[in-house]
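So the structure is just underneath, and the comments pick up after that.
Bear in mind the structure is a predicted one, so any value in this text is a computation, not a measurement. For the numbers below, each heavy atom of this structure counts, side chains included, while hydrogens, waters and symmetry mates do not. Remember, it's 1-based here, ligands and their atoms both numbered in the order they're listed.
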Amino acid sequence: MEKARKIRCDCGKFFAEKMVKVGSITTKALVCPGCGHITFTKEQAMEYGRLKEIREMIGGERKIIKIGNSIGITLPEKLGLKPGRKVRTEVIDSKSFKVIFG
Ligand SMILES: [Zn+2]
């Protein structure tokens with residue numbers, strides 16, 4: 001977490017870090033409580049860029065494949081995950097779950 005810095009918006013209010021939805025990506029950004037202007041710190045911009053890369057790599061439709069007596073989905077190697085690495089899964093609702101690899 002970077003140190004909190006006070007950055008003033010053109011409208012005079014100070015930006016506050018918040019989660020914002022940019023397109024289909026939810027990420028941290030600086031939001032002006034006065035006019036709603038959104039901007040990114042360098043670190044937030046890099047994180048947003050990384051999220052866009054990940055979305056392009058694994059977003060969308062995938063086919064379920066059979067692996068022995070189990071089923072699975074494949075992920076591209078360029079995601080940077082290696083076989084044997086542990087990930088966690090969490091149920092979101094009856095039709096979705098998330099995979100946590102960070
Ligand atoms: Zn403002």
- Query: Should we say atom CE of M46 is surrounded by more than 12 heavy atoms from elsewhere, each under 6.0 Å from it?
  - Reply: no

- Message: Does K66 have more than 12 heavy atoms from other residues, nucleotides or ligands lying within 6.0 Å of its NZ?
- Response: yes

- In Å and rounded to the nearest 0.5 Å, what is the CD1 to CG distance from I25 to L51? 5.5 Å

- Message: Please determine whether a side-chain nitrogen of the Lys or Arg among R50 and E47 lies less than 4.0 Å from a carboxylate oxygen of the Asp or Glu.
- Response: no

- Listed by chain and number, what are the side chain to side chain contact (heavy atoms under 4.5 Å, CB included) partners of I67, not counting sequence neighbours? I65

- Item | Neighbouring protein N, O or S atoms of the Zn ion (ligand 1), below 2.8 Å | 4

- Quick one: pull up OG1 in T89 and CZ in F101 and give me the separation to the nearest 0.5 Å. 13.5 Å

